[in-house]
Q: 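Below: one structure in structure tokens.
Keep in mind the model is a prediction, meaning the values are calculated, not measured.
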Amino acid sequence: MTKVPISEKGKSAIDVARGAALLAGEIMQDRFEKVKEISYKGPGDIVTDVDREVEAEVFSFLASEYPCMNLVGEESSPDLRADKGYAWIVDPIDGTRNYAYGIPLYSTVVGLAYEGTVLVGVNYDPNRDELFGAERGKGAFLNGKRIQVSERASLDECIIGLDLSYGDVRAKYALEMVANTVWPHMRTARMIGSSALGLSYVAAGRTDLYLMTGLKPWDQVAGLLLVEEAGGVTTDRMGRLATLYSDGIIASCRDIHEEFMQRTEGHLWREATG
């Protein structure tokens, strides 16, 4: 197992990640009810001035602790590879659309990876003061209390979480798949507009399965480790173990994941590209 390095100031990486996430949360909450500048990166893909401010502050915090590591962020360095050497990976506001329009469902993500293997992952929801965190091989925790994935044995009993990608076609396929191959053989479905929270909720057993396409390393870096350390599994749409660059993820406990893959085999959401 890759050793998680201590910072230059003598802190553990998980403590640094927590500190960075809490700093981000303070800024987000201070600006939440104030006017925000909104611009578009693509169809439906927005960014605010708060995203940029938070990322800059978090990067400065991380660089003061680990000056020789790469810093990969959604807003300032999206083209830098997250799977080369040691890399801190940051999503300043996951759920920017919620944040921009006053919906209190968003979080900040801070993760550390080495050669693509996630070593540390933290996701902080400042509205509920909920900090999800995991360090490889040491379990997953919510505010210091160990968490684990759901133990439900059948999709019939499950709450499924999903969010719609920025691509209209793949979003349509996701809705069709749930409607035509899973519904009504499930308890209910939830869309919250934050993939980081969606994955964290699976790790905590709040929902039983989460799926989405079009994610980037900063969207899923914490969730991949949280679900794994909570006893679950996250794969791509083909059933291969998910990586930072997987195009589409399915996260759940192993039994539910297997049933879901069987039920949805051959569906366009599982197979389509672009």
Side-chain angles (χ1 to χ4, degrees), residues 13-14 17-22 24-25 28-29 54 58 74 88-99 103-113 118-136 138-152 158-164 188-235 242-244 246 248-254 256-257:
I14 188 70
R18 291 189 189 110
L22 291 171
M28 286 190 290
Q29 295 307 89
V54 169
V58 169
E74 179 176 10
W88 282 103
I89 305 163
V90 175
D91 190 343
I93 306 177
D94 189 87
T96 296
R97 284 179 287 188
N98 285 347
Y99 183 79
I103 301 171
L105 289 168
Y106 51 85
S107 64
T108 191
V109 176
V110 181
L112 175 64
V118 183
L119 304 178
V120 166
V122 165
N123 182 38
Y124 180 54
D125 175 354
N127 286 293
R128 293 163 187 77
D129 192 25
E130 291 190 334
L131 193 148
F132 300 85
E135 186 174 354
R136 180 159 296 280
K138 297 185 178 181
F141 297 84
L142 168 54
N143 290 347
K145 182 178 180 180
R146 188 179 288 270
I147 54 177
Q148 66 178 34
V149 295
S150 164
E151 295 181 346
R152 293 186 178 90
C158 288
I159 297 175
I160 292 178
L162 72 154
D163 284 300
L164 304 183
T188 189
R190 292 288 182 267
M191 288 185 204
I192 61 175
S194 164
S195 56
L197 287 176
L199 288 165
S200 295
Y201 287 0
V202 169
R206 292 176 174 175
T207 57
D208 305 288
L209 183 144
Y210 180 79
L211 62 95
M212 190 176 176
T213 54
L215 297 180
K216 302 295 185 181
W218 42 83
D219 299 309
Q220 53 198 8
V221 59
L224 293 177
L225 186 60
L226 283 164
V227 172
E228 179 181 349
E229 290 294 321
V233 60
T234 304
T235 72
T243 71
L244 292 171
S246 290
I249 55 171
I250 304 161
S252 186
C253 66
R254 294 185 182 277
I256 297 301
H257 184 279

Q: Can you tell me which residue pairs pass the side chain to side chain donor-acceptor pair (under 3.5 Å) test with a partner in residues 199-208, sequence neighbours excluded?
A: Asn123-Ser200, Glu130-Arg206, Ser150-Asp208, Arg152-Asp208
Q: May I ask you to test the Val122-Ile14 pair for a side-chain heavy-atom distance under 4.5 Å?
A: yes
Q: Taking the side chain as every heavy atom from C-beta outward, state whether Glu228 and Arg136 have any atom pair closer than 4.5 Å.
A: yes
Q: Could you tell me if the side chain of Val221 sits less than 4.5 Å from the side chain of Val109, heavy atoms only?
A: yes
Q: Could you tell me if the side chain of Val149 sits less than 4.5 Å from the side chain of Ile256, heavy atoms only?
A: no
Q: Is there a donor-acceptor contact under 3.5 Å from the side chain of Asp91 to the main chain of Lys216?
A: no
Q: What's the spacing between Leu225 CG and Lys138 NZ if we round to 0.5 Å?
A: 12.0 Å
Q: Could I get the full list of side chain to side chain donor-acceptor pair (under 3.5 Å) partners for Arg190, not counting sequence neighbours?
A: Thr188
Q: Given 3.5 Å as the limit, does a donor-acceptor pair link the side chain of Gln148 with the main chain of Ala140, or not?
A: no
Q: Using side chain to side chain donor-acceptor pair (under 3.5 Å) as the criterion, list what pairs up with Asp163, not counting sequence neighbours.
A: Tyr210
Q: Do you know the tightest heavy-atom contact between Leu224 and Ala242?
A: CD2-CB, 3.7 Å
Q: Sub-3.5 Å donor-acceptor pair from the side chain of Asp94 to the main-chain atoms of Ser195, do we have one?
A: yes
Q: State, yes or no, whether a side-chain contact exists between Gln29 and Asn127 at a heavy-atom distance under 4.5 Å.
A: yes
Q: Say you draw a straight line from CD1 of Ile249 to CE of Met212; how long is it, rounded to the nearest 0.5 Å?
A: 8.5 Å
Q: Flag the pair Val202 / Thr234 as yes when at least one side-chain heavy-atom distance between them is below 4.5 Å, and no otherwise.
A: no
Q: With sequence neighbours left out, write down each residue that passes ring-ring contact (aromatic ring centres under 6.0 Å, His included) with Tyr99, or none if nothing qualifies.
A: Phe32, Tyr106
Q: So, using ring-ring contact (aromatic ring centres under 6.0 Å, His included) as the criterion, who are the partners of Trp218 when residues are at least two apart?
A: none
Q: Rounded to the nearest 0.5 Å, what's the gap from CG on Leu199 to CG on Asp219? Could you check?
A: 9.0 Å
Q: Hey, what do you get for OG1 (Thr108) to CG (Leu131), rounding to the nearest 0.5 Å?
A: 10.0 Å
Q: With sequence neighbours left out, what residues match Arg254 under side chain to side chain donor-acceptor pair (under 3.5 Å)?
A: none
Q: What I'd like to find out is whether the side chain of Glu74 reaches to under 4.5 Å of the side chain of Val90, using heavy atoms alone.
A: no
Q: Hey, what do you get for CG (Leu142) to CZ (Phe132), rounding to the nearest 0.5 Å?
A: 4.5 Å
Q: Could you report the tightest heavy-atom contact between Asn98 and Leu105, atom names first, then the distance?
A: ND2-O, 2.8 Å
Q: Is a side-chain donor or acceptor of Ser194 paired with a backbone partner of Leu197 at a separation under 3.5 angstrom?
A: yes
Q: Please find the pair of heavy atoms, one from Ala134 and one from Leu226, that lie closest to each other, and give the distance.
A: CB-CD2, 3.9 Å
Q: Can you check whether Cys158 reaches Leu209 side chain to side chain, under 4.5 Å on heavy atoms?
A: no
